[in-house]
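This report refers to the structure that appears directly beneath it.
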Amino acid sequence: MFRTCIGGQIELALMEHRHAKELFELIEASRAHLRPWMNWADQRRTQADVAMYVANALKQFALNQAVHTGIWEKGKLAGMINCGPIDWPNRAAPLEYWLGAPFQGRGIMTSSCRAMAEHAFGAMNLHRLKIACAEENRRSRAIPEKLGFTFEGVARDAEWLHDHFVNHAIYAMLQGARLNPPAGRLPA
């Protein structure tokens, strides 16, 4: 199973069936915050929906297709970061992430993305990681920019989000590139 600790305060761990209730509660509490950027916010409406998502995530992990991890801060589920679906012939995968509203703005996601990228380039031996963010989502775009991902451009009308198309800002990093070092300490 995948598990890593970051700075003693943050832990990334593979999502498991036992996490479904906690994940549902975090989504429910953060739904208004997530909905403007996440099309799945309307699809995971019940604990059963979230349990099905977790089951599919575990299946993808077992088939070596993706890694779906929860982000825990001091033992509380704060959000998720996923690497996948993995394109093994090209050794490439997207990174996708989100944080619950109370956990924003403290460096948790930047540290989590750094750890997942290090794992993807190291243990998984991937060659290319991509991050696609809604062009208007400045907070999400700040993550790859802080980490040193290369801005590759804008994919126009890349995603249907509830009732309109949004452009995606595309960032990528290749194996062997250096992630920018952390700017400061994680919160205590």
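Note that these values count all heavy atoms, side chains included, but never hydrogens, waters or copies made by symmetry. Residue numbers run from 1 in the order of the sequence given.
Within the model, atoms CD1 of Ile81 and CD1 of Ile108 stand 12.5 Å from one another, a figure rounded to the nearest 0.5 Å. In this structure, Asp87 CG and His127 NE2 are separated by 11.5 Å, a value rounded to the nearest 0.5 Å.
Between Glu152 and Lys130, no side-chain nitrogen of the basic residue sits less than 4.0 Å from a carboxylate oxygen of the acidic one, so the salt-bridge criterion is not met. The pair Glu145-Arg138 meets the salt-bridge criterion, with a side-chain N (NZ, NE, NH1 or NH2) lying under 4.0 Å from an Asp/Glu carboxylate O. Classification of Arg31 and Glu28 as a salt-bridged pair holds, one side-chain N sitting under 4.0 Å from a carboxylate O.
At distances below 3.5 Å, not a single donor-acceptor pair connects side-chain atoms of Thr4 with backbone N or O atoms of Leu12. Of the possible polar contacts, none joining the Glu159 side chain to the Ala134 backbone as a donor-acceptor pair under 3.5 Å is found. Within the 3.5 Å criterion, the main-chain N or O of Arg114 finds no donor-acceptor partner in the side chain of His119. A donor-acceptor contact shorter than 3.5 Å is absent between the side chain of Arg178 and the backbone of Gly148.
Looking only at side-chain heavy atoms (C-beta outward), Phe121 and Leu129 come within less than 4.5 Å of each other. By the 4.5 Å heavy-atom criterion applied to side chains, Met173 and Thr150 are not counted as neighbours.
Listed by chain and residue number, His68 satisfy the ring-ring contact (aromatic ring centres under 6.0 Å, His included) test with Tyr53 (two or more places apart in sequence, or in another chain).
When all heavy atoms are compared, the tightest approach of Val54 to His17 is CG1-N, 3.7 Å. Closest approach of Met109 and Met80 over heavy atoms only: CE-O, 3.7 Å. Here the closest heavy-atom approach between residue Gly84 and residue Ala66 is recorded as CA-CB, 3.9 Å. For the residue pair Ser111 and Ile6, the shortest heavy atom distance occurs at O-CD1, 3.7 Å. Across Pro94 and Pro85, no two heavy atoms sit closer than the pair CD-O, 3.4 Å. When all heavy atoms of Arg141 and Glu135 are compared, the pair lying nearest together is NH1-O, 3.1 Å.
Taking hydrophobic clusters as Ile, Leu, Val, Met, Phe, Trp and Tyr residues chained together by side-chain heavy-atom distances below 4.5 Å, Val166 does not share a cluster with Tyr97. Put simply, Ile131 and Phe151 are part of the same group of oily side chains (I, L, V, M, F, W, Y) that touch within less than 4.5 Å, one to the next. The hydrophobic cluster containing Leu34 does not contain Leu161, counting ILVMFWY residues as joined when their side-chain heavy atoms lie under 4.5 angstrom apart, directly or transitively. Ile143 and Ile170 fall into different hydrophobic clusters, where Ile, Leu, Val, Met, Phe, Trp and Tyr are joined by side-chain heavy atoms under 4.5 Å apart, directly or via other members. The hydrophobic cluster containing Trp88 also contains Met116, counting ILVMFWY residues as joined when their side-chain heavy atoms lie under 4.5 angstrom apart, directly or transitively.
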Check the pair Leu26, Phe103 against side-chain contact (heavy atoms from CB on, under 4.5 Å), reporting the backbone distance first and the verdict last. CA-CA 11 Å; Leu26 179 61; Phe103 300 95; 4.1 Å; yes

Let me see the working for Met15 and Leu23 under side-chain contact (heavy atoms from CB on, under 4.5 Å), right down to the final yes or no. CA-CA 9 Å; Met15 291 303 296; Leu23 179 57; 3.7 Å; yes

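Using modelled atom types and a 3.5 Å distance limit, the side chains of Gln175 and Asn125 yield a donor-acceptor pair.
Using a 30° and 60° split on the angle between ring planes, His19 and Trp72 fall in the tilted class, from 30° to 60°.
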